[in-house]
Protein chains: 2
Amino acid sequence: MLIGELARQTGCEVETIRYYEREGLLSAPLRSASGYRRYNAEQLGELNFILHCRSLGMSLADIRQLAAFKADSSLACDDINQLIDRQVSKVHQQVESLRLLEQQLLALRDRCHDHHTVAECGILQTLVEASEGEPCVCHTPFGQDPHPHPHSMEKQ
Amino acid sequence: MLIGELARQTGCEVETIRYYEREGLLSAPLRSASGYRRYNAEQLGELNFILHCRSLGMSLADIRQLAAFKADSSLACDDINQLIDRQVSKVHQQVESLRLLEQQLLALRDRCHDHHTVAECGILQTLVEASEGEPCVCHTPFGQDPHPHPHSMEKQ
DNA sequence: CTTGACCTTGTAGCGACTATAGGGTTTGCA
DNA sequence: TGCAAACCCTATAGTCGCTACAAGGTCAAG
């Protein structure tokens, strides 16, 4: 199976597959005489594993770790638990802060009722006032990596 | 006020302030004879406005737009409404997909009950099985920019 | 023998910072 | 007056997880 076929079967882009190989997540496949990558069922499984973990929001570093655990199955399981727990709490934090954010945005949206010029726009007024009122009230809207911003949060 | 003082008052890092200036979000301040940036209350307000918008998850491009609206208050207010609406729906999508993700991770966490080796780890087993079962079931966990990934979503 | 679809490597770009190197300035204290 | 610490400056490279491009090689069909 060539890389394009693997891409088709997994829904992953060709460039991304090569990127995962470069990053050491996907094992390097055999090559044809002309240098083309040739994949087998095992590597299809590997890639699906990676994609599934990515769809659970895990970082490539986390997936690399999981793959190492898979390879040496005599290791302690605690590390996997910890990894998942970290992921759970990260996502939970993200959900909470985004919900808060959504409330704030909806409140903001309510401030403007079809006026015609910016001068009368309640949204803009509210934004300006809010930023004046509270020089640094940290809402910590985002967990960490997906949307870090300067103002609100020490990295953990 | 020097840049360090501005940083202290806003909770924003010095490097980030300089970055915002480079990006044209913050107006360039006057300089002392030795080239040090000197800020006044107006620019403190500007920066707080930027930080507040960032804390609402807006992109720098959006904030640039809002600032332009603020500057020319004769413009139509509809654009601001649209901008906020886009932001609301973006955040709403993110919340929804993250909640789904959280459920999946919690279910995953339940698969492992203090076994001792990776060989018996329910989490790893579940991950492998799930990735085998469904070559490309797209859960679209993340909205768009904060955490894009290959597998799940066409950019909008 | 050419066309087009594939494959290769290498490099640069995205957003929003963050960090580093390598220097200049200012302030306070002995 | 000398000096160290704390500040400031610019420019450049790194982060993450891709994505896109350039410039070329390969292969099957017509």
Side-chain angles (χ1 to χ4, degrees), chain A residues 1-8 10-26 28-39 47 50-51 53-64 90 141-155, chain B residues 1-26 28-39 47 50-51 53-65 87 90 141-156:
Chain A
M1 178 172 27
L2 295 181
I3 198 169
E5 181 56 26
L6 182 64
R8 230 164 285 121
T10 55
C12 178
E13 297 222 14
V14 166
E15 323 258 323
T16 305
I17 297 173
R18 283 197 281 249
Y19 171 70
Y20 287 160
E21 184 185 330
R22 267 202 312 285
E23 291 296 301
L25 280 130
L26 208 49
L30 294 174
R31 300 284 188 127
S32 73
S34 54
Y36 287 18
R37 289 171 179 82
R38 300 243 148 220
Y39 295 95
L47 180 54
I50 295 168
L51 293 175
C53 291
R54 283 294 296 138
S55 82
L56 292 172
M58 294 180 201
S59 69
L60 298 191
D62 283 348
I63 300 174
R64 233 185 309 262
K90 186 177 111 184
F142 293 97
Q144 69 251 49
D145 9 358
H147 211 139
H149 69 102
H151 185 214
S152 68
M153 97 208 102
E154 54 286 68
K155 68 199 52 173
Chain B
M1 179 171 30
L2 295 181
I3 199 169
E5 181 55 26
L6 182 63
R8 230 164 285 123
Q9 284 193 33
T10 56
C12 179
E13 296 222 13
V14 166
E15 324 259 322
T16 306
I17 296 174
R18 284 197 281 249
Y19 171 70
Y20 287 160
E21 182 185 331
R22 267 200 313 283
E23 291 297 302
L25 279 130
L26 207 50
L30 293 173
R31 300 284 187 129
S32 72
S34 54
Y36 286 18
R37 289 170 178 83
R38 300 243 149 220
Y39 295 94
L47 181 52
I50 295 170
L51 293 175
C53 291
R54 285 292 297 137
S55 82
L56 292 172
M58 294 180 202
S59 69
L60 298 191
D62 283 349
I63 300 172
R64 233 184 309 261
Q65 257 206 63
Q87 189 65 16
K90 186 177 108 181
F142 293 97
Q144 67 252 48
D145 14 353
H147 211 139
H149 69 102
H151 186 214
S152 69
M153 101 209 99
E154 55 285 67
K155 69 198 53 175
Q156 60 234 91

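Worth saying up front: this structure is predicted, and the values here are computed from it rather than measured. The basis for the numbers below is simple: all heavy atoms, side chains too, and nothing from hydrogens, waters or symmetry mates.
- Residue R54(B) places at least one side-chain N or O under 4.0 Å from the OP1 or OP2 atom of dC17(C).
- Listed here is the closest heavy atom pair of R38(A) and R31(A): CG-C, 4.4 Å.
- Here the CG atom belonging to L26(A) is positioned 9.5 Å from the CZ atom belonging to R37(A), to the nearest 0.5 angstrom.
- A side chain to side chain contact (heavy atoms under 4.5 Å, CB included) with V14(B) is found for one member of L2(B), I3(B), L6(B) and no other, namely I3(B).
- Nearest-nucleotide assignment on DNA chain D puts the 5′-proximal partner with V14(B), out of V14(B) and A61(A).
- Separation of atoms CG (L51(B)) and CG (L56(B)) is listed at 11.5 Å; rounding is to 0.5 Å.
- Atom OH of Y19(B) and atom P of dT15(D) are 17 Å apart (whole Å).
- Atom OG1 of T10(A) and atom CD1 of I50(A) lie 10.0 Å apart (nearest 0.5 Å).
- In this structure, CZ of R38(B) is placed 14 Å from P of dC7(D), rounded to the nearest angstrom.
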Give me, pair by pair, the N or O atoms of the protein and of nucleotides 9-12 of chain C that are less than 3.5 Å apart, along with how far apart they are.
from: dT9(C); atom 1: OP1; to: R31(A); atom 2: NH1; distance (Å): 3.3
from: dT9(C); atom 1: OP1; to: R31(A); atom 2: NH2; distance (Å): 3.1
from: dT9(C); atom 1: OP2; to: R37(A); atom 2: NH1; distance (Å): 3.0
from: dT9(C); atom 1: OP2; to: R37(A); atom 2: NH2; distance (Å): 2.8

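- Judged as a salt bridge (charged side-chain N to carboxylate O under 4.0 Å, His left out), and not counting sequence neighbours, E23(B) has no contacts.
- Phosphate contact (OP1/OP2 of dG17(D), side-chain N/O of Y20(A), threshold under 4.0 Å): absent.
- Between the side chain of T16(B) and the main chain of C12(B), no donor-acceptor pair closer than 3.5 Å is present.
- Of the possible polar contacts, none joining the R18(A) side chain to the R22(A) backbone as a donor-acceptor pair under 3.5 Å is found.
- Smallest separation of non-hydrogen atoms from R64(B) and G24(B): CG-O, 4.5 Å.
- Separating the CD atom of E5(A) from the P atom of dA28(D) is a distance of 15 Å, rounded to the nearest angstrom.
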Give me the distances for all protein-to-nucleotides 24-27 of chain D N/O pairs that come in under 3.5 Å?
from: dG25(D); atom 1: N2; to: Y36(A); atom 2: OH; distance (Å): 2.7
from: dT26(D); atom 1: O4'; to: Y36(A); atom 2: OH; distance (Å): 3.2
from: dC27(D); atom 1: OP1; to: S34(A); atom 2: OG; distance (Å): 3.1

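- Listed pair T16(B) / dT18(C) meets the phosphate criterion, a side-chain N or O lying under 4.0 Å from OP1 or OP2.
- Residue S59(A) places no side-chain N or O under 4.0 Å from the OP1 or OP2 atom of dC16(D).
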